[in-house]
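Residue numbers start from 1 in every chain, and the chains themselves are labelled A, B, ... in the order their sequence lines are given, proteins ahead of strands. We use all heavy atoms of the structure for the numbers below, so side chains are in, but hydrogens, waters and symmetry mates are not.
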Amino acid sequence: MLRIDNISKTFNPGTVNEKTALDRLSLHLAPGDFATIIGSNGAGKSTLLNAVAGSFFVDSGSITLGGEDVTFTPNHRRSRVIGRLFQDPLRGTAPSLTIEENLALAYLRSSEGTAPLSRIRKKDKEFFAEQLKLLGMGLEDRMRQPVGLLSGGQRQALTLLMATLVTPRLLLLDEHTAALDPATAEKVLELTRAIVAEHHITCLMVTHNMRQALDLGSRTLMMADGRIVLDVSGQERAGMTVDDLLRRFKKDTGHDLDNDRILLSD
Amino acid sequence: MGSILLISQTALELGFQYALVAMALFLSYRILDIADLTTDGSFVLGAAVSVTVTAAGHPVLAIPAAMLAGACAGFVTAFLQTRMGVPSILAGIITNTGLYTVNLMAMGWKSSASLMKKDTVFSLAKGLFGGASFWVQWHELILSAAVTILAGVLLYLFLGTRLGLSIRATGDNRDMVRASSVNPTFTITVGLCMANALTGLSGAVVGQYQRTVDMGSGTGIVVIGLACLIIGETVVGRRGMGRGVIAVMVGSVIYRFIYAIVFYTKVVPVDCLKLLTAAVVALAIAAPTIKAGAGFHKRKLAALRKGDR
């Protein structure tokens, strides 16, 4: 589904702030793969997601999505087939538009009903209400309220729904529960798990929670210095504990995992 | 008594005609969150095109022509800021400066143009309904109101479409627009073209109504438009698109009434009105900051006083 070949990205080349964020990184995700990514501060986790989403173009290498080369495709076009959630729950929704209007925008990614001068149809509204009901937050009764009135957790759940309303080829999750309180985070994570499983969505998720990195999905990747240094799945991953993972990291990279957020989380 | 009626009638007519500028600013400033300084120039451009085309004998054609000219001006500003990386305010100022020459050109290289005895949309409309006296007296107001209300209804309907929603989301959260597979460059361009088409329409109607246009007629119109928008929102409220569209009309009419009162009672010299308008707009836009600052000082003083005890 996703094939990344040897991509590199250097920020601020030729200055004192030069930083090689991605260094000849390659990764292949099969359809339905759900990979979690963990790594030190500045290892390039978010940069990798940005590269895949098209927030910038890579310096070298290529990115193929569902057999289509998207290396030079601008991000608004890639978003037709890529759903994305950020850590900041405010980034995925437009606050002054209503829930219904936000969903209608997300629905623009579908192939039908995208004529620029068409209005939201009754059929669409019913579909939106049905989908909102699945979140179990009572949002289906508040469809005409501006999204700015919702809590962070509700907005993130809505963003998740918007990102998957039209089933994407790839879902990118960038620590999307990190800014939520523990109970809400758990709820959003549960929804993520359910939606991804139901639609067999290929998924790439950055997390700082080691336990989550092993529990969720089918594959765990560890990044350091712009490369993937560890890639475990299947049997090997099934029996792994957080301590095993840390030990493997040290063995492969020669230094301890250094991420203040990881060490502080459960 | 008769003169009060006449003054009110004129204020209403001008209110509706200039409301289109406030409507344009509602779209660019309130919805897209872009201070579009093209407005002054595209108002004169609309008026100049309208007067020139009317002088050539096509008063009706003059209206869409003026709107198209305004849209082109908006496109230039949008192109500069979305494709060329020019900061949005500067993009407007650059286009506005360039428009000075274009406007002179549109008036035949003179600093003003007038229509004398030529037919305008107003004089054509006057002959309708067999010249009934009611119609003859009120046709200018009815026509001005009809044009503005029609534009307002169309704008309102447009803002409910998928493209309209994308434009509204652009001013709110550009990341989210991109995530919906829409290019914000496109929505900003469409929005600014539409806003300047509305400004051009305002210029076109005013130009034919006054039968004249001069280079200075657009000066400060962007601030006056903002004043109308702010007055209207204060009276009508801000929630919802429908309310916004009504607010600009109400605000514009109120502004023209204030103008008329100042003009006839001379409570302040008319020449001071622009300074007054500028101060009102600056204060209204600064209000949230002033309020926050005042609140902070109050807390600081209270904390200091407590510390003394």
Asks: Heavy-atom pairs under 4.5 Å with chain B: which of A/Arg77, A/Arg78, A/Glu101, A/Met162 has the most?
Replies: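 Sorted descending by pairs with chain B, the first entry is A/Glu101.
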Asks: Do B/Met23 and B/Thr148 have side chains that get closer than 4.5 Å, going by heavy atoms?
Replies: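 In contact.
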Asks: So which of A/Ile120, A/Asn102, A/Leu105 has the biggest tally of heavy-atom pairs under 4.5 Å with chain B?
Replies: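 So the answer, after comparing A/Ile120, A/Asn102, A/Leu105, is A/Leu105.
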Asks: Before we go on, tell me: are the rings of A/Phe127 and A/Tyr107 under 6.0 Å apart, centre to centre?
Replies: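 Centroid distance A/Phe127-A/Tyr107: below 6.0 Å, so yes.
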Asks: Is there a salt bridge (Lys or Arg N to Asp or Glu O under 4.0 Å) between A/Glu190 and A/Arg193 once you walk through the steps?
Replies: CA-CA 5 Å; A/Glu190 205 40 62; A/Arg193 207 195 300 255; 3.6 Å; yes
Asks: Where on A/Arg91 is there a heavy atom nearer than 4.5 Å to chain B: the side chain, the backbone, both, or neither?
Replies: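 Both parts, heavy atoms under 4.5 Å.
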Asks: With side-chain contact (heavy atoms from CB on, under 4.5 Å) as the test, would you mind laying out the steps for B/Val248 and B/Cys228 before giving the verdict?
Replies: CA-CA 6 Å; B/Val248 295; B/Cys228 298; over 6 Å; no
Asks: Heavy-atom pairs under 4.5 Å with chain A - which of B/Asn183, B/Leu163, B/Asp175 has more of them than the others?
Replies: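 Most pairs with chain A among the choices: B/Asn183.
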Asks: Taking every non-hydrogen pair under 4.5 Å, which of B/Thr170, B/Leu165, B/Asp172 racks up the most with chain A?
Replies: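 If we count pairs closer than 4.5 Å to chain A, B/Asp172 comes out on top.
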Asks: Hey, could you give me the CD/OG1 distance between A/Glu198 and A/Thr164, rounded to the nearest 0.5 Å?
Replies: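 Here the interatomic distance stands at 9.0 Å.
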Asks: For A/Ser96, which atoms come within 4.5 Å of any heavy atom of chain B: side chain, backbone, both, or neither?
Replies: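 Contact with chain B involves both backbone and side-chain atoms of A/Ser96.
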Asks: List the steps and the verdict of side-chain contact (heavy atoms from CB on, under 4.5 Å) for A/Leu165 and A/Phe128.
Replies: CA-CA 9 Å; A/Leu165 192 66; A/Phe128 297 159; 3.9 Å; yes
Asks: Highest number of heavy-atom pairs under 4.5 Å with chain B: which of A/Ala106, A/Gly92, A/Ala53, A/Pro95?
Replies: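 Looking at each of A/Ala106, A/Gly92, A/Ala53, A/Pro95 in turn, A/Pro95 comes out on top.
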